[in-house]
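Here is the structure we will look at.
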Amino acid sequence: MARISVIGTGYLGVTHAACMSSLGHDVVALDVDEAKVTSLAAGKVPFHEPGLPELLQESLAAGKILFTTNWADVATKADVHFLCVGTPQSPESPAADLSQIQSAIRSLAPLLTKPCLVVGKSTVPVETAKWISEYLVANAPAGDDVHLVWNPEFLREGFAVEDTLHPDRIVLGIKDEVDVAVLTDIYASALTGSTPLVVTDYATA
């Protein structure tokens with residue numbers, strides 16, 4: 001089982017964290033909002049999604065998930081880091097507001113002192129993954145041993161748990177072939193069924 005972090009506890013992040021912990025992975029989920037972290041640690045989901053509160057409470061009871069505001073917890077407790085922060089439309093233009101993802105990467109990079117994998121799940125414009133990959137290599141102490149994969153999520157409201165545990169496809173945008181094995185291990189239960197694995201480059205993902 002993998003040691004996973006989930007950065008951002010909005011709709012995507014909470015769902016991903018709870019589902020991954022339900023599969024047996026050890027998960028630490030980070031958010032900068034202390035009130036949200038406290039609520040989630042008590043098993044309270046701040047939005048309606050069928051089946052998610054029960055899944056979260058089971059994972060908390062089993063000790064498979066931890067919520068934190070401390071970036072050091074992310075760096076020390078996980079080897080695979082999922083980026084699930086929000087990328088809303090910018091108030092000034094139709095472009096995506098990448099400030100949250102940029103802030104997350106700048107907070108995470110200096111703490112990455114050992115080989116690890118960063119996995120982007122947020123919806124971002126083409127070329128964002130390339131920038132993140134280059135930034136991590138340049139600014140993380142582990143340098144070239146920090147790899148990036150882009151793994152976009154396709155969640156339907158009301159079916160988010162099902163779509164995470166049994167997706168209709170898993171897309172991996174990669175630069176290093178070796179990283180595919182890490183994600184196929186994490187998603188092993190989904191890939192035993194009819195779920196296709198699509199491996200491509202960053203821009204296509």
Closest approach of [X] to [Y] (non-hydrogen atoms, all atoms of both residues):
{"X": "Tyr202", "Y": "Val149", "value": "CE2-CA, 4.5 Å"}
{"X": "Ala160", "Y": "Leu155", "value": "O-CD2, 3.7 Å"}
{"X": "Val74", "Y": "Ser5", "value": "CG1-OG, 3.5 Å"}
{"X": "Tyr11", "Y": "Arg156", "value": "OH-O, 3.8 Å"}
{"X": "His81", "Y": "Ala75", "value": "CE1-CA, 4.3 Å"}
{"X": "Leu23", "Y": "Met1", "value": "O-SD, 3.6 Å"}

Has [X] got a side-chain atom pairing as donor or acceptor with [Y]'s backbone, closer than 3.5 angstrom?
{"X": "Trp150", "Y": "Ser122", "result": "yes"}
{"X": "Thr195", "Y": "Pro167", "result": "yes"}
{"X": "Thr204", "Y": "Thr200", "result": "no"}
{"X": "Asn139", "Y": "Ala109", "result": "no"}
{"X": "Ser21", "Y": "Ala18", "result": "yes"}
{"X": "Gln57", "Y": "Gly43", "result": "yes"}
{"X": "Ser22", "Y": "Cys19", "result": "yes"}
{"X": "Glu49", "Y": "Thr15", "result": "no"}

Quiz item: Ile101 versus Ile132: any side-chain heavy-atom pair under 4.5 Å?
Solution: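 In contact.
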
Quiz item: Below 4.5 Å, heavy atoms only, C-beta onward: do Ser133 and Lys175 meet side chain to side chain?
Solution: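 Counting from C-beta outward, Ser133 and Lys175 do come under 4.5 Å.
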
Do [X] and [Y] belong together in a cluster built from hydrophobic side chains that touch within less than 4.5 Å?
{"X": "Leu40", "Y": "Val85", "value": "no"}
{"X": "Leu197", "Y": "Phe82", "value": "yes"}
{"X": "Val28", "Y": "Val182", "value": "no"}
{"X": "Leu83", "Y": "Leu172", "value": "no"}
{"X": "Leu56", "Y": "Val6", "value": "yes"}

Can you establish whether the number of heavy atoms outside [X] located under 6.0 Å from its atom [atom1] is more than 12?
{"X": "Lys36", "atom1": "NZ", "value": "yes"}
{"X": "Glu54", "atom1": "CD", "value": "yes"}
{"X": "Phe47", "atom1": "CZ", "value": "yes"}

Quiz item: Stepwise, does the side-chain contact (heavy atoms from CB on, under 4.5 Å) test hold for Val118 with His147?
Solution: CA-CA 6 Å; Val118 177; His147 292 184; over 6 Å; no

Quiz prompt | The single option from Ile4, Asp176, Leu148, Leu183 passing side chain to side chain contact (heavy atoms under 4.5 Å, CB included) against Leu117 | solution =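 Of the listed options, the one satisfying the test is Leu183.
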
Quiz item: For Val137, what residues pass the side-chain contact (heavy atoms from CB on, under 4.5 Å) criterion, not counting sequence neighbours?
Solution: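 If we apply the side-chain contact (heavy atoms from CB on, under 4.5 Å) test to Val137, skipping adjacent residues, the hits are Asp144.
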
Self-check item: All side-chain contact (heavy atoms from CB on, under 4.5 Å) counterparts of Pro125, not counting sequence neighbours
Solution: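 Pro125 satisfies side-chain contact (heavy atoms from CB on, under 4.5 Å) with Ala96, Leu98, Thr128 only.
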
Quiz item: Are Asp79 and Lys114 close enough for a salt bridge, meaning some N to O gap below 4.0 Å?
Solution: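 A salt bridge is present here (some side-chain N lies under 4.0 Å from a carboxylate O).
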
Quiz item: Checking side-chain contact (heavy atoms from CB on, under 4.5 Å) for the pair Gln102/Trp131: CA distance, chi angles, key distance, verdict?
Solution: CA-CA 10 Å; Gln102 290 167 346; Trp131 172 83; 4.0 Å; yes

Indicate every side-chain donor-acceptor pair of residues 63-72 with a distance under 3.5 Å to a residue at least two apart or in another chain.
unit_1: Lys64; atom_1: NZ; unit_2: Gly24; atom_2: O; d: 3.0
unit_1: Lys64; atom_1: NZ; unit_2: Asp26; atom_2: OD1; d: 2.8
unit_1: Thr68; atom_1: OG1; unit_2: Asn70; atom_2: N; d: 2.9
unit_1: Thr68; atom_1: OG1; unit_2: Asp73; atom_2: OD2; d: 2.6
unit_1: Asn70; atom_1: OD1; unit_2: Ala72; atom_2: N; d: 2.9

